[in-house]
Amino acid sequence: MAKITVSVIKADVGGYVGHCSMHPDLIATAETRLGPQKESGRLIDFKVLCCGDDLELIMTHTFGVEDEAIHRLAWDVFVECTETARKLKLYGVGQDLLKDAFTGTIKGMGPGVAEMEFEERKSEPIVIFMADKTSPGAWNLPLFKIFADPFNTAGIVIDPSMHEGFKFKILDIRAGKSITLSCPEEMYDLLMFIGSTGRYLVKDIYRKTDGEIAATASTQKLSLIAGKYVGKDDPVMIVRCQSGLPAVGEVLEPFSFPHLVSGWMRGSHCGPLMPVSFCEANPSRFDGPPRVIAAGFQLSDGKLVGPRDIFADVSFDEARKEANRVANYMRRHGPFEPHRLGPEDMEYTTMPHIMEKLKDRFE
Ligand code: 13P
Ligand code: 13P
Ligand code: MG
Ligand code: MG
């Protein structure tokens, strides 16, 4: 069987109400546009989901990653959904579409992209994570735990095919360079970089025994494309599971800790990442707190059997409670750091304009 490509491409083309949620008409527009692509056989399968105000296109096909036609299709879907959003006068119409015309790849145009190509195994469980009111650095901590922390992933200790560890491809988004580090030997080097979640992002993870791809994350930063604040780069990632890769439960376990991430309210605040069911992914309190959903699928010859709404489980109730408690605690800092983000992250917001007005008053 030909290799399968899973493409997850997402954009915010208009929020309902404000930045809280998704209007059903946008999902319907996307489904209507993608349906014929499946009938014609260009797509093997697709699902349209949402997390907060972000529209998530999940597509399977055989054209490989960064395929121009698939990227153009996603772009056209977002443009059409923008028209639907315009008619409803939703908030931030076309927010993440930063360029006017498609030029070969959707990368660098605003939408977030996570794609991987692999040979489908006898059974191929995958989990697609989608988050709102945060940024790609939010994945660094859970990805480290899933693929490098033996207290999280028993398989690293127990399963011979994982025992040698994983390679992490890291992107330095300021320098536009990447480095691949090997775990466990280079774990401390890895942590030195990825602990700095605003600059170094985990892009891909490979199993060391055979180089098999295990995970991939979107790393697009809207502010670096637009040069100003235009909304947050709410990220997605794809993780393959089981049979020599972390079990589904090991992949979910890190999210029982609602770690602090940046991107809450005006993309300018830090708060806990709350794991929620699909229907609870409507960040409304201070436009948050940041949310993450997990859609589980079994692939069957590229067909997306699912989604299973994985965080719709009582075992994540405590994480949600803790996230609410941490949200209360963080909120009490108001405009003070570390609730408000540090100066480098505020560079791209509207705050420097206000500072500019007062610059002559400094003596
Ligand atoms: P596999 O090695 O078959 O993935 O089993 C691991 C497992 O599911 C334990 O929870
Ligand atoms: P989004 O990036 O999800 O549109 O959020 C923007 C924002 O600033 C919400 O306060
Ligand atoms: Mg928005
Ligand atoms: Mg969003």
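Start at 1 and go down the list; that is how both ligands and their atoms are numbered. Numbering starts at 1 and runs along the sequence shown.
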Nearest non-hydrogen protein atom, atom 9 (C) of ligand 1: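 Minimum-distance protein heavy atom for atom 9 (C) of ligand 1 reads Ala247 CB, 4.3 Å.
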
Shortest protein heavy-atom distance from atom 2 (O) of ligand 1, along with the residue and atom involved: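 For atom 2 (O) of ligand 1, the nearest protein heavy atom comes out as Ser243 N, 4.0 Å.
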
Does Arg331 count as lying over the ring of Phe286, i.e. NZ or CZ under 6.0 Å from the six-ring centre, within 45 degrees of the axis?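 Satisfied, under 6.0 Å and within 45°.
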
Tell me whether the rings of Phe129 and Phe255 are parallel (<30°), tilted (30 to 60°) or perpendicular (>60°).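 Rings of Phe129 and Phe255: parallel, as their planes differ by under 30°.
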
How are the rings of Phe147 and Phe168 set to each other: parallel, tilted or perpendicular (split at 30° and 60°)?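 The rings of Phe147 and Phe168 stand perpendicular, inter-plane angle above 60°.
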
What atom name does the N, O or S atom of [X] nearest to the Mg ion (ligand 3) carry?
X: Asp53; answer: OD2
X: Asp12; answer: OD2
X: His19; answer: ND1

For the Mg ion (ligand 4), find the closest N/O/S atom belonging to [X] and write down its atom name.
X: Asp132; result: OD1
X: Asp54; result: OD2
X: Asp234; result: OD2

Under 3.5 Å, side chain of Lys10 to main-chain N/O of Asp234, donor-acceptor pair present?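 Here the side-chain-to-backbone pair exists.
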
Salt bridge or not for Glu280 and Arg291, using N-O below 4.0 Å?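 Salt bridge between Glu280 and Arg291, a charged N being under 4.0 Å from a carboxylate O: no.
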
Using distance alone, with no hydrogens and no angle criterion, decide if Gln95 and Asp12 have a side-chain donor and acceptor under 3.5 Å apart.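 Per modelled atom types, Gln95 and Asp12 side chains form a pair under 3.5 Å.
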
Using a 3.5 Å cut-off on N or O atoms only, is Gln242 in polar contact with ligand 1?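 Gln242 vs ligand 1: N/O contact under 3.5 Å present.
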
Supply the atom-to-atom distance Leu34 CG to Ile58 CD1, rounded to the nearest 0.5 angstrom.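 Output value for this atom pair is 11.0 Å.
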
